[in-house]
Amino acid sequence: MLDINLIREKPEWVKEQIAKLNDTAPIDEIIAADNRRREILGEVEELRRQRNESSKQIGYWMGSLKKMEADLKRAEAGQDVEKAEHLRTQLNSLQFNADEAKEETRKIGERIGELDEELRQVEAALYEKMLWVPNIPHESVPVGPDDSHNIAYPPLGAPEPQFDFTPKPHWDLGPDLDIIDFERGVKLSGSRFYLLKGWGARLQRALIQFFLNYHANKHGYTEIYPPFMVRSAMFEGAAQLPKFADNIYRDAEEDYMWLGTAEIALTNIHRDEILEEADLPKKYVAYTPCFRREKMSAGRDVRGIKRGHQFDKVEMYRFTTPETSYQALEEMLQDAKDICEALGLRYRVIEMVTGDLGFAASKKYDLEAWAAGCGEWLEISSISNTEAFQARRANIKYRPEDGGRTRYVHTLNGSGLALPRVMIAVIENNQQADGSIVVPEALRPYLGVDVIR
RNA sequence: GGAGGGAUGGCCGAGUGGACGAAGGCGACAGUCUUGAAAACUGUAGUGGGCUUUGGCUCACCGAGGGUUCGAAUCCCUCUCCCUCCGCCA
């Protein structure tokens, strides 16, 4: 979510920024709703102030009345006719004042009720609109209309694998080695599902283990095991809802939704908290399966295991101060590159232009790995700085060390790395003429074999 | 799944309709004392919104949302979460 103050103060600038994303947002409607909201707020608060004031007065009178009633009872019991008469007169007049004030205050209350109702509606409408406004790109992001304009940096890591035979794509290699079973996956769950079997399943498990250990041991991340289903509010906090509702699997009875990425759980770890600046940055890493409907990409990438409804991913996540978030973004990019290097992948960095930033990111890099069998660059990581976009939705703040006002943290997320695709690259790039696969050095301690055959 | 008990400030905990943004304690911070520290004493402190001549003024917030009332931490309803016992279970 954007800062409403920013929209209020620089509406035209905000519109320009959003136009760069190839997106639109009802900024004028938002400003109108915001104005109306503040108008009502001013009115209703003044009325509340009046009500508080007269309630206090009434309270004071009610106290006096109680005392006078007691006095009257005593006077009557003591046969003090004159005093009783005097008290009765006073009592009646005070009672009259109190009743009158009550009636007047009740009317104020009615008006407050009406205004409150309108305020509720205006605020709900404003909030709903705000939820659909995308994040604003960082000034360093190149302006471009779509992904064809993204900047692809020269390949890094291992040289392009060379073969003296025609390398097979994983959808042939897998079944030949009996490590991927497409038919039975489909039997269980339908299209876009598969089975990993034997060394295939073990290879994926080794990769997960390797990634987690690497980030925890060498990069200083704290490992998290989160719930794989979370409440819908967490999806809203991570900016997945309302916009991406089509992509989410959910429970039919309860308010549970299956993670599309660990980012959703990790973002909300510190939801509604105020962190201490001294505790920042917080760095988390988590392995989770990810579940996606893929409605939007129906018909795309149907071959092989590149895009399924379920996949595994190790995700890095950071909470930082605003001053350090862009440095943190570069560090996370390096963290992901380190893994690519350690695995001997041929990979490249893609810097996204404004038109391909997506909804939540202010700046984003992708990492792509070369897969020699299918002859494709596969996206194996996406690393974003969302600045305060998620923090505002999930209400995550920190208290600056100098004791100033609380501020929103910046949050960053990045795959480190995404699984079936890294496995595709490993399998296809390391295949030999006989169909066997050489296990990368780094994974051998986890698998206990040098070659999968 | 059944029965019962809870949710109050950083923490503990009082508060059953009116002077309560909330006693008291602990912790935190600042000051006094001290060579320094501790102890003691004194003082300061929540979050968010609106307005503002930037001095302030004001509203809301006691798990969440409704309701009753002139007035709600306090009474009523719904929901969420936690705890205890029973049942079931990896």
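Sequence lines set the chain letters: A, B, ... in the order given, protein chains first and strands last, and positions in each chain run from 1. If you're wondering where the values come from, they're calculated on a predicted model, not measured in any experiment.
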If you look at every strand shown and take non-hydrogen atoms under 4.0 Å, does [X] touch a base, only sugar-phosphate, or nothing?
{"X": "A:K56", "value": "nothing"}
{"X": "A:S55", "value": "base"}
{"X": "A:L41", "value": "sugar-phosphate"}
{"X": "A:R111", "value": "nothing"}

Taking atom [atom1] in both [N] and [M], compute the distance separating them and give it to the nearest angstrom.
{"N": "B:G67", "M": "B:C86", "atom1": "C1'", "value": "36 Å"}
{"N": "B:A3", "M": "B:G10", "atom1": "P", "value": "36 Å"}
{"N": "B:C81", "M": "B:C29", "atom1": "C1'", "value": "33 Å"}
{"N": "B:G46", "M": "B:A28", "atom1": "C1'", "value": "13 Å"}
{"N": "B:G15", "M": "B:C41", "atom1": "P", "value": "27 Å"}
{"N": "B:C76", "M": "B:U69", "atom1": "C1'", "value": "12 Å"}
{"N": "B:G55", "M": "B:G43", "atom1": "C1'", "value": "23 Å"}
{"N": "B:G63", "M": "B:U74", "atom1": "P", "value": "8 Å"}

Could [X] and [Y] be called an ion pair, given the rule that one side-chain N must be under 4.0 Å from one carboxylate O?
{"X": "A:E45", "Y": "A:R48", "result": "no"}
{"X": "A:E39", "Y": "A:R36", "result": "yes"}
{"X": "A:E53", "Y": "A:K56", "result": "no"}
{"X": "A:K73", "Y": "A:E76", "result": "no"}
{"X": "A:D301", "Y": "A:K306", "result": "yes"}

Before giving the answer on side-chain contact (heavy atoms from CB on, under 4.5 Å), spell out for A:E46 and A:R51 the whole-Å C-alpha distance, their side-chain angles and the decisive distance to 0.1 Å. CA-CA 9 Å; A:E46 170 58 19; A:R51 181 171 70 179; over 6 Å; no
Measure the distance from [atom1] on [X] to [atom2] on [N] and round it to the nearest whole Å.
{"X": "A:R407", "N": "B:U47", "atom1": "CZ", "atom2": "C1'", "value": "17 Å"}
{"X": "A:I112", "N": "B:A72", "atom1": "CD1", "atom2": "C1'", "value": "15 Å"}
{"X": "A:L119", "N": "B:G48", "atom1": "CG", "atom2": "P", "value": "19 Å"}
{"X": "A:M234", "N": "B:U80", "atom1": "CE", "atom2": "P", "value": "14 Å"}
{"X": "A:I58", "N": "B:G17", "atom1": "CD1", "atom2": "P", "value": "19 Å"}
{"X": "A:E45", "N": "B:C59", "atom1": "CD", "atom2": "P", "value": "8 Å"}
{"X": "A:E103", "N": "B:G71", "atom1": "CD", "atom2": "C1'", "value": "15 Å"}
{"X": "A:D272", "N": "B:G10", "atom1": "CG", "atom2": "P", "value": "13 Å"}

Please name the nucleotide paired to [N] by Watson-Crick or G-U wobble geometry with both distances under 3.5 Å, or report none.
{"N": "B:C29", "answer": "B:G43"}
{"N": "B:U84", "answer": "B:A3"}
{"N": "B:A73", "answer": "none"}
{"N": "B:U35", "answer": "none"}
{"N": "B:G63", "answer": "B:C79"}
{"N": "B:A22", "answer": "none"}

Where the side chain of [X] is defined as all heavy atoms beyond and including C-beta, which of [options] is the nearest nucleotide?
{"X": "A:T105", "options": "B:U47, B:C70, B:G48", "result": "B:C70"}
{"X": "A:Y60", "options": "B:A19, B:C59, B:C81", "result": "B:A19"}
{"X": "A:I274", "options": "B:U47, B:C70, B:G48", "result": "B:U47"}

Less than 6.0 angstrom separating the ring centers of A:H410 and A:F319, yes or no? no
Between B:G50 and A:R8, is there an OP1 or OP2 to side-chain N/O distance shorter than 4.0 Å?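 True: A:R8 side-chain N/O within range (under 4.0 Å) of B:G50 OP1/OP2.
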Considering just the side-chain nitrogens and oxygens of A:R49, establish if one lies under 4.0 Å of OP1 or OP2 belonging to B:G50.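 For A:R49, the contact criterion (side-chain N or O under 4.0 Å from OP1 or OP2 of B:G50) is not met.
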Considering the options A:F228, A:Y256, A:W258, which one meets the ring pair (Phe, Tyr, Trp, His ring centres under 6.0 Å) requirement together with A:F291? A:W258
Any chance you could lay out the side chain to side chain donor-acceptor pair (under 3.5 Å) test for A:Y221 and A:D335, step after step, and finish with the verdict? CA-CA 10 Å; A:Y221 290 83; A:D335 292 341; 2.6 Å; yes
Exactly one of A:V449, A:L177, A:V451 should register a side-chain contact (heavy atoms from CB on, under 4.5 Å) with A:W199. Which one does?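 For A:W199, the side-chain contact (heavy atoms from CB on, under 4.5 Å) check succeeds only for A:V449.
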Starting at the 5' end of RNA chain B and moving along, which residue's nearest nucleotide shows up first, A:R106 or A:K66? A:K66
Return whichever of A:I4 or A:V44 has its heavy-atom-nearest nucleotide of RNA chain B closer to the 5' end.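 Closest to the 5' end, via its nearest nucleotide, is A:I4.
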Quick one: classify the glycosidic conformation of B:G36 as syn or anti, with syn meaning within 90° of 0.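 What B:G36 shows is an anti base, its glycosidic angle lying more than 90° from 0.
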Taking all heavy atoms of A:P226 and all of A:Y287, pick out the closest pair and write down the distance.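 For A:P226 and A:Y287, the tightest heavy-atom pair comes out as CD-O, 4.3 Å.
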Among side-chain atoms of A:R38 and A:N35, is any donor-acceptor pair under 3.5 angstrom?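 Checked: A:R38/A:N35 side chains pair up, N/O donor to acceptor below 3.5 Å.
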Mind listing the residues from residues 30-40 of chain A sitting with a heavy atom below 4.0 Å of RNA chain B? Number order is fine.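 When residues 30-40 of chain A is checked for heavy atoms under 4.0 Å from RNA chain B, the hits, listed by number, are A:R37, A:R38.
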I'd like a list of close polar pairs between nucleotides 60-68 of chain B and the protein, N/O only, cut-off under 3.5 Å.
unit_1 : atom_1 : unit_2 : atom_2 : d
B:G66  : OP1    : A:R120 : NH1    : 3.0

